[in-house]
> 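Let me give you the structure first, and then I'll get to my questions.
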2 protein chains.
Amino acid sequence: MTLQEGKDKFIQSWGALGSSWGINRTMAQIHALLLISPQALSAEDIMEELKISRGNANMNIRALIDWGLVYKELKAGERKEFFVAEKDMWEVVKNIIIQRKKKELEPMLKVLDEISSIDEAGPKSEEFVQIIREIKLFSSKADSTLDSLIKADSNWFVGTFMKMIK
Amino acid sequence: MTLQEGKDKFIQSWGALGSSWGINRTMAQIHALLLISPQALSAEDIMEELKISRGNANMNIRALIDWGLVYKELKAGERKEFFVAEKDMWEVVKNIIIQRKKKELEPMLKVLDEISSIDEAGPKSEEFVQIIREIKLFSSKADSTLDSLIKADSNWFVGTFMKMIK
DNA sequence: GTGAAGTTTCAAAAAGTACTGAACCAACAA
DNA sequence: TTGTTGGTTCAGTACTTTTTGAAACTTCAC
């Protein structure tokens with residue numbers, strides 16, 4: 001395999017992985033490209049490498065910045081913006097967890113709360129509310145677990161965790 | 001809120017959550033419906049409640065069974081098949097992790113392996129291979145962490161984990 | 001001011017994904 | 001054997017998401 005083939009393969013695979021992670025294909029490909037790029041790239045570089053339109057590049061770069069997966073880098077004397085990827089994988093995963101927790105878990109907790117306030121009487125209602133309460137309990141625990149996970153640092157993850165749970 | 005409104009809301013929200021979890025909307029809705037249903041339901045019950053076609057119901061029930069989120073239940077004397085949901089949330093999450101690990105993480109590890117075997121010489125190649133190796137290291141660790149997590153049991157999760165990592 | 005270089009926005013088109021419905025298959029009862 | 005009930009499959013359609021490309025905007029130099 002040549003260097004170019006390897007790079008392409010990585011970008012393709014990372015793109016595929018991303019799409020099952022709430023990150024769309026192009027967003028993940030841009031991230032992959034920046035990950036393996038030693039220097040910062042401009043929007044134009046990215047458009048060329050991935051053969052995507054200006055609008056597409058712009059929107060996805062912006063989204064990546066929002067997610068904390070990519071940083072803007074301004075070069076002295078250059079008006080153009082350059083971009084670099086967050087290269088610490090633990091940071092990447094952590095940021096994804098933060099975003100998805102906010103977008104998915106938290107709204108679900110809210111809904112479960114609302115639902116458990118059913119005022120209708122009767123055994124059917126009680127049974128239902130009971131099931132919902134169990135789900136809520138589990139979700140709240142997942143929520144705090146993720147909070148702790150987010151606070152923990154990279155070293156802790158790569159080092160201690162595995163041994164701890166063995 | 002009435003019981004029916006509560007049920008509908010839960011089914012809708014669970015459906016929305018599912019679609020960001022590699023489980024499509026209908027699949028998640030069927031799962032939600034079965035979760036809050038005290039008795040097993042037939043394909044026909046499901047079709048009616050969710051207003052979906054026979055084909056759709058069949059395909060998604062099948063997928064849920066594949067994922068280990070729903071079980072078939074045969075009633076004596078009935079030719080019809082009935083279905084019940086896995087109600088232990090930890091089992092649900094665990095099964096989703098197992099499926100996604102298999103479908104996403106493992107192929108990525110394989111690709112990273114292939115890529116690190118680039119035979120081209122030169123500093124650019126070495127630099128690239130180095131980055132790929134780091135990603136691979138992280139991914140392997142994630143992989144074993146998930147393996148341990150899968151082996152752990154529900155009690156461990158809801159009880160010990162939170163305290164441990166505090 | 002004007003124009004050049006760059007960025008942002010968004011309506012329309014394309015691509016991707018899920019759903020329907022009808023045809024088909026299987027098991028059983030009459 | 002035929003009719004009935006239920007399960008499965010899949011081509012075509014409907015729906016959703018992503019991408020394009022062009023116009024609008026911003027910033028700065030002259």
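All values below were derived from every heavy atom in this structure, side-chain atoms included, with hydrogens, water molecules and symmetry-related copies excluded. Everything numeric in this text was worked out from a predicted model, so none of it was measured. Naming: A, B, ... by sequence-line order, numbering from 1 per chain.
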> With sequence neighbours excluded, tell me which residues meet salt bridge (Lys or Arg N to Asp or Glu O under 4.0 Å) with Asp66(A).
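Applying salt bridge (Lys or Arg N to Asp or Glu O under 4.0 Å) to Asp66(A) gives none.
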> Over how many whole Å does the gap from Ile61(B) atom CD1 to dG6(D) atom P extend?
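These atoms are roughly 14 Å apart.
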> Going by salt bridge (Lys or Arg N to Asp or Glu O under 4.0 Å), name the pairs with one or both residues in residues 95-105 of chain A, residues two or more places apart or in two chains.
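Salt bridge (Lys or Arg N to Asp or Glu O under 4.0 Å) check on residues 95-105 of chain A returns Arg100(A)-Glu104(A), Lys101(A)-Glu106(A), Lys101(A)-Asp143(A), Lys101(A)-Asp147(A).
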> Should Asn58(B) be listed as having a side-chain N or O under 4.0 Å from OP1 or OP2 of dG7(D)?
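The answer is no; no side-chain N or O of Asn58(B) sits under 4.0 Å from OP1 or OP2.
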> For Phe10(B), enumerate each residue passing the ring-ring contact (aromatic ring centres under 6.0 Å, His included) test, keeping only those at least two apart in sequence or located in another chain.
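Phe10(B): ring-ring contact (aromatic ring centres under 6.0 Å, His included) contacts with Trp14(B).
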> According to side chain to side chain donor-acceptor pair (under 3.5 Å), who are the partners of Asn56(A), at least two apart in sequence or on a separate chain?
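Side chain to side chain donor-acceptor pair (under 3.5 Å) list for Asn56(A), sorted by chain: Asn60(A).
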> Figure out the CG/C1' separation between Leu74(A) and dG6(C), and round it to whole Å.
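In whole Å, dG6(C) C1' and Leu74(A) CG are 13 Å from each other.
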> Other members of the hydrophobic cluster containing Val84(B), with the 4.5 Å side-chain heavy-atom rule, please.
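Traced through the cluster, Val84(B) reaches Tyr71(B).
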> List the residues meeting side chain to side chain donor-acceptor pair (under 3.5 Å) with Glu73(A), not counting sequence neighbours, and say none if there are none.
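Per chain and number, Glu73(A) pairs via side chain to side chain donor-acceptor pair (under 3.5 Å) with no residue.
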> Please enumerate all residues that pass salt bridge (Lys or Arg N to Asp or Glu O under 4.0 Å) together with Lys7(B), with sequence neighbours excluded.
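None.
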> Among Leu41(B), Leu64(B), Leu33(B), Ile65(B), find the one that has a side-chain contact (heavy atoms from CB on, under 4.5 Å) with Phe83(B).
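Of the listed residues Leu41(B), Leu64(B), Leu33(B), Ile65(B), the side-chain contact (heavy atoms from CB on, under 4.5 Å) partner of Phe83(B) is Ile65(B).
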> Once you round it to whole Å, what is the distance between P of dT9(C) and CZ of Arg62(A)?
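Nearest whole value for this atom pair: 8 Å.
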> With sequence neighbours left out, what residues match Lys72(A) under salt bridge (Lys or Arg N to Asp or Glu O under 4.0 Å)?
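Once residues adjacent in sequence are excluded, the partners of Lys72(A) under the salt bridge (Lys or Arg N to Asp or Glu O under 4.0 Å) criterion are Glu81(A).
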> Any residue in residues 29-46 of chain A with a heavy atom nearer than 4.0 angstrom to DNA chain C? Just list them by number, or reply none.
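Those residues: none at all.
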> If a protein heavy atom is under 4.0 Å from the base, mark B; if only from the sugar-phosphate, S; if neither, -; do that for nucleotides 11-21 of chain D going 5' to 3'.
-------SSBB
> Asp45(B): what forms a side chain to side chain donor-acceptor pair (under 3.5 Å) with it, not counting sequence neighbours?
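Counting only residues at least two positions away or on another chain, Asp45(B) forms a side chain to side chain donor-acceptor pair (under 3.5 Å) with Ser42(B).
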> For DNA chain C, which residues of residues 75-84 of chain B approach it to below 4.0 angstrom with any heavy atom?
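By residue number: Arg79(B).
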